[in-house]
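Below is one structure; the comments refer to it alone.
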Amino acid sequence: KSHAAAYSFVAYQTAYLKCHYEKEYMASLLTSVLSNEDKVVKYTNECHALNIPVLMPSVNESIRDFKVTSQGIRFGLLAIKNLGEGVIEAVIKERTQGGPFTSYYDFCYRLYGKDFNKRALEGLIKSGALDNLGANRRQMLQSIDIIFDVIDAEKKGELSGQLSFFGEGILEEKREFTLPDVKELERKDLLLFEKESTGLYLSGHPMNNYEKYVRYIRSARINNIQNEEYNDGDRLTLVALISSLKVKTTKNNSQIANVVLEDITGTIDCVVFGKIFNEYKPLFKEGEVLKFTCRVSEREDRPIELLCERVEQVTVSEISASEKAVPKKLYIQIENIENPAMNSVKQILSEQRKHTDSDIPVYIFTKNDRKTLEAPKNMWVPLEKIASVFEKLVRILGENNIKITY
């Protein structure tokens with residue numbers, strides 16, 4: 001009883017804060033799990049679900065921790081890899097005393113010698129924290145060695161009291177530095193660098209382009225699998241990205257692949273046994289998005305994992321077909337109409353605006369008495385709102401209880 005009372009009190013407090021101070025609550029939650037990559041991803045996804053933008057890190061805006069702003073939550077500098085506390089303190093102190101950084105060169109020049117090194121600079125560039133300083137990420141990455149050499153020579157000149165050609169004292173103008181004339185990296189490379197430097201994709205996700213296709217084929221979501229919405233042995237289809245791949249050889253010379261799969265909701269381990277792996281081996285590449293047929297494996301004292309049975313490429317024609325497909329009906333499954341969750345469902349459906357004859361009909365299936373009811377037309381969903389309504393309903397009832405037919 002003592003535990004029940006204490007935890008219920010804390011649960012009430014946190015629920016109140018999340019309800020009335022969403023941004024402040026989520027920023028604090030993200031800061032509390034800075035060292036846990038998986039939880040940062042999980043809570044960042046929760047921010048997106050709450051329509052709270054998680055803003056890119058910025059050397060002119062970010063602080064050590066996640067920070068609440070009028071636009072959303074600003075990513076904390078401490079979440080960037082290879083960036084120590086000393087460098088973060090130096091960045092904040094320098095911009096406080098000397099004003100905002102005005103260019104890539106200005107930033108490097110002012111941070112020179114303050115625990116600042118090439119690895120820290122590379123991490124900042126890859127995370128996007130220097131994006132607003134007048135250069136693209138490829139330009140900055142290609143000039144890391146050059147800019148350090150130029151600044152090093154200039155600082156040494158200043159220390160030795162080097163005179164200008166006309167003997168007018170120490171040079172006040174910084175040595176000329178020109179960025180290479182190259183185009184920005186491709187979108188997929190930008191995202192991969194963000195993942196490498198922070199553990200998550202900040203400006204988007206490689207799976208975003210597959211969202212319509214995921215809904216179209218009714219693919220499972222990783223967070224739903226981990227929330228035990230599927231039972232041990234259930235077969236499912238999952239469209240996911242191969243985040244990492246490790247292959248090992250068994251005693252009988254058979255190969256087993258341990259794959260980490262990722263979608264926009266999280267990551268999950270998947271085991272691919274020898275026969276299956278050999279059959280689909282050419283498809284298994286890190287960064288590849290594939291369609292997996294798997295069975296759910298639940299064991300005591302182990303996280304839920306998937307056992308792969310089949311792998312397919314996602315073709316351009318399939319994606320094109322899903323993008324052209326028009327939703328025809330939205331089905332909501334619930335125990336009964338009196339279920340308290342129906343209040344939230346009605347609110348989400350009723351808050352839609354500008355209803356037209358092309359709205360998508362909504363049907364409610366009650367599991368207890370197995371009846372299908374058509375919702376009133378003022379609760380039908382405008383076509384352009386179907387994606388956002390779908391996500392909101394999933395958060396309340398779970399993905400297995402919300403279906404769109406085409």
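A 6.0 Å sphere centred on NZ of Lys403 holds more than 12 heavy atoms belonging to other residues, nucleotides or ligands. Surrounding CD of Gln313 are at most 12 heavy atoms belonging to other residues, nucleotides or ligands under 6.0 Å away. No more than 12 heavy atoms of other residues, nucleotides or ligands lie within 6.0 Å of CG in Asn132, so this atom counts as exposed by the packing criterion. For NZ of Lys118, the number of neighbouring non-hydrogen atoms (other residues, nucleotides, ligands) closer than 6.0 Å is greater than 12. Residue-environment remark: NE2 (His20) exceeds the threshold of 12 foreign heavy atoms within 6.0 Å. Within 6.0 Å of atom CG in Asp181, 12 or fewer heavy atoms from other residues, nucleotides or ligands are found, so the atom counts as exposed in its surroundings.
Between Arg110 and Glu94, at least one side-chain nitrogen of the basic residue sits less than 4.0 Å from a carboxylate oxygen of the acidic one, meeting the salt-bridge criterion. Salt bridge present: Glu211 and Arg221 bring a charged side-chain N and a carboxylate O closer than 4.0 Å. Between Arg137 and Asp131, at least one side-chain nitrogen of the basic residue sits less than 4.0 Å from a carboxylate oxygen of the acidic one, meeting the salt-bridge criterion. Classification of Lys126 and Glu196 as a salt-bridged pair holds, one side-chain N sitting under 4.0 Å from a carboxylate O. One finds no salt bridge joining Arg64 and Glu89 here, because no Lys/Arg side-chain nitrogen approaches an Asp/Glu carboxylate oxygen to under 4.0 Å.
For Thr198 (side chain) and Lys195 (main-chain N/O), no donor-acceptor pair under 3.5 Å exists by modelled atom type. Side-chain N or O atoms of Asn208 include none that pairs as donor or acceptor with a backbone N or O of Gly204 at under 3.5 Å. For the pair Thr265 (side chain) and Asn223 (backbone), a donor-acceptor distance under 3.5 Å is present. Between the side chain of Thr315 and the main chain of Glu318, a donor-acceptor pair closer than 3.5 Å is present. Asn336 places no side-chain N or O within 3.5 Å of a backbone atom of Lys367 that could act as its donor or acceptor partner. A donor-acceptor pair is defined here as one N or O able to donate and one able to accept, closer than 3.5 Å; no such pair exists between the side chain of Asn36 and the backbone of Val33. With hydrogens and angles disregarded, no donor-acceptor distance shorter than 3.5 Å links the side chain of Asp263 to the backbone of Ala240. Remark: side-chain polar atoms of Tyr104 are not paired, donor with acceptor, to backbone N or O of Leu130 under 3.5 angstrom. Not one N or O on the side chain of Arg138 forms a donor-acceptor pair closer than 3.5 Å with the backbone of Leu185. Using modelled atom types, one side-chain atom of Lys23 and one backbone atom of Thr69 make a donor-acceptor pair closer than 3.5 Å.
Ring centers of Phe116 and Phe107: under 6.0 Å apart, within the cut-off.
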All N/O donor-acceptor pairs, side-chain side in residues 56-63, below 3.5 Å, sequence neighbours left out:
| unit_1 | atom_1 | unit_2 | atom_2 | d |
| --- | --- | --- | --- | --- |
| Ser58 | OG | Asn60 | N | 3.2 |
| Ser58 | OG | Glu61 | N | 3.3 |
| Asn60 | OD1 | Phe101 | N | 2.8 |
| Asn60 | ND2 | Phe101 | O | 3.0 |
| Ser62 | OG | Ser58 | N | 2.9 |
| Ser62 | OG | Ser58 | O | 3.3 |
| Ser62 | OG | Phe75 | O | 2.9 |

Pairs under 3.5 angstrom only: tabulate donor-acceptor contacts from the side chains of residues 271-286 to other protein residues two or more places apart or in another chain.
| unit_1 | atom_1 | unit_2 | atom_2 | d |
| --- | --- | --- | --- | --- |
| Asn278 | ND2 | Gly274 | O | 3.2 |
| Lys281 | NZ | Gln255 | OE1 | 3.1 |
| Glu286 | OE2 | Leu245 | N | 3.3 |

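Separation of atoms NZ (Lys346) and CG (Asn378) is listed at 11.0 Å; rounding is to 0.5 Å. Note that the OG1 atom of Thr405 and the CZ atom of Arg218 stand 6.5 Å from one another [nearest 0.5 Å]. From Leu124, atom CG reaches atom CZ of Arg119 across 12.5 Å, with rounding to the nearest 0.5 Å. The line from CD1 of Ile304 to CG of Asn227 is 8.5 Å long, rounded to the nearest 0.5 Å. Considering CG of Leu330 and CE of Met379, their distance stands at 10.5 Å, rounded to 0.5 Å. For the atom pair CZ (Phe390) and CD1 (Ile386), the distance works out to 8.5 Å, reported to the nearest 0.5 Å.
Judged purely by distance below 3.5 Å, without hydrogens or angles, the side chains of Glu335 and Thr366 never pair a donor atom with an acceptor atom. A side-chain donor from one of His205 and Glu262 sits under 3.5 Å from a side-chain acceptor of the other. Residues Gln347 and Ser344 have side chains that never bring a donor and an acceptor to within less than 3.5 angstrom of each other.
Smallest separation of non-hydrogen atoms from Glu194 and Ser203: OE2-OG, 2.7 Å. Pairing each heavy atom of Gly86 with each of Asp115, the nearest pair is CA-OD2, 4.1 Å. Across every non-hydrogen atom of Ala220 and Leu238, the tightest pair is O-CD1, 3.3 Å. Closest approach of Leu30 and Val40 over heavy atoms only: CD2-O, 3.7 Å. Looking at every heavy atom in both residues, Gly266 comes nearest to Ile222 through O-CD1, 3.4 Å. Across every non-hydrogen atom of Asn117 and Ala120, the tightest pair is OD1-N, 2.8 Å.
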For Asp152 and Tyr112, run side-chain hydrogen bond (donor to acceptor under 3.5 Å, both in side chains): C-alpha distance rounded to whole Å, both residues' side-chain angles, the deciding distance at 0.1 Å, then the answer.
CA-CA 8 Å; Asp152 186 57; Tyr112 180 88; 2.5 Å; yes

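Using a 30° and 60° split on the angle between ring planes, Tyr406 and Tyr216 fall in the perpendicular class, above 60°.
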